[in-house]
Amino acid sequence: MKYLFYFSFLFVFTNASAQNPEKIKFQKNSTLIYFFPKGENKDSIVKNSNDLFYLVVPDSLKKHIVVYVENGKLIKTTNDSLVKLNYMQGLKYESQFVISEVAEAPKKIKKEFELISLINGASSYEKNKILIQIINKKEEKVVIENVFFYRN
């Protein structure tokens with residue numbers, strides 16, 4: 001009986017003093033925009049080897065974001081967060097997200113954002129350099145600005 005009392009006392013004492021594991025909560029940040037190269041992070045772009053970039057924009061910001069590219073054009077791929085940077089010497093392009101309607105089933109329409117690129121004039125930027133600016137039109141400020149060197 002004496003051992004049972006000590007065992008139960010020890011059991012209650014160790015359980016009472018044991019720490020509860022802390023729970024870590026993550027909150028999704030819908031104000032962050034990501035633009036970075038896929039693969040190695042370099043400042044030069046070689047045609048057909050490292051011309052793919054991740055462009056991740058939250059849906060809440062897509063209608064306010066415009067991407068200006070000098071000496072290049074962003075081309076959408078099959079992946080919605082992956083774009084291809086095509087070197088276009090002497091041209092300036094503007095890319096933005098527009099809402100398109102996709103028919104999923106009869107009488108059911110789904111609205112999606114689609115990236116389109118339109119020509120915006122001639123570029124006066126240096127040859128073999130590509131300037132990329134991501135601008136928030138609502139706040140009228142440059143969010144991200146990168147310069148890449150192009151080589152064949």
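Lys62 meets the side-chain hydrogen bond (donor to acceptor under 3.5 Å, both in side chains) test with Asp59; sequence neighbours excluded. Not a single side-chain hydrogen bond (donor to acceptor under 3.5 Å, both in side chains) links Thr77 to another residue, sequence neighbours left out. For Tyr54, the ring pair (Phe, Tyr, Trp, His ring centres under 6.0 Å) criterion is met by Phe36, not counting sequence neighbours. Residues satisfying the ring pair (Phe, Tyr, Trp, His ring centres under 6.0 Å) criterion with Phe35, sequence neighbours excluded, are Phe53. For Tyr150, the side-chain hydrogen bond (donor to acceptor under 3.5 Å, both in side chains) partners two or more places apart in sequence, or in a different chain, are Asn152. Among residues two or more places apart in sequence or in another chain, the salt bridge (Lys or Arg N to Asp or Glu O under 4.0 Å) test is passed with Lys110 by Glu104, Glu112. Partners of Glu70 under the side-chain hydrogen bond (donor to acceptor under 3.5 Å, both in side chains) rule, at least two apart in sequence or in another chain, are Ser123. Looking at residues two or more places apart in sequence or on another chain, you find no salt bridge (Lys or Arg N to Asp or Glu O under 4.0 Å) involving Glu140. Applying the ring pair (Phe, Tyr, Trp, His ring centres under 6.0 Å) criterion to Tyr125, with sequence neighbours excluded, gives no partner residue. Glu145 is linked by a salt bridge (Lys or Arg N to Asp or Glu O under 4.0 Å) to nothing, counting only residues two or more places apart in sequence or in another chain.
Sorted by first then second residue, the salt bridge (Lys or Arg N to Asp or Glu O under 4.0 Å) pairs that include residues 118-133, not counting sequence neighbours, are Glu126-Lys129. Applying the salt bridge (Lys or Arg N to Asp or Glu O under 4.0 Å) test to every pair with at least one member in residues 81-102, sequence neighbours left out, gives these pairs: Asp51-Lys84.
At a threshold of 4.5 Å between side-chain heavy atoms, the hydrophobic network of Ile, Leu, Val, Met, Phe, Trp and Tyr places Tyr93 and Leu52 in two separate groups.
Between Leu131 and Val69, every side-chain heavy-atom pair lies at or beyond the 4.5 Å cut-off.
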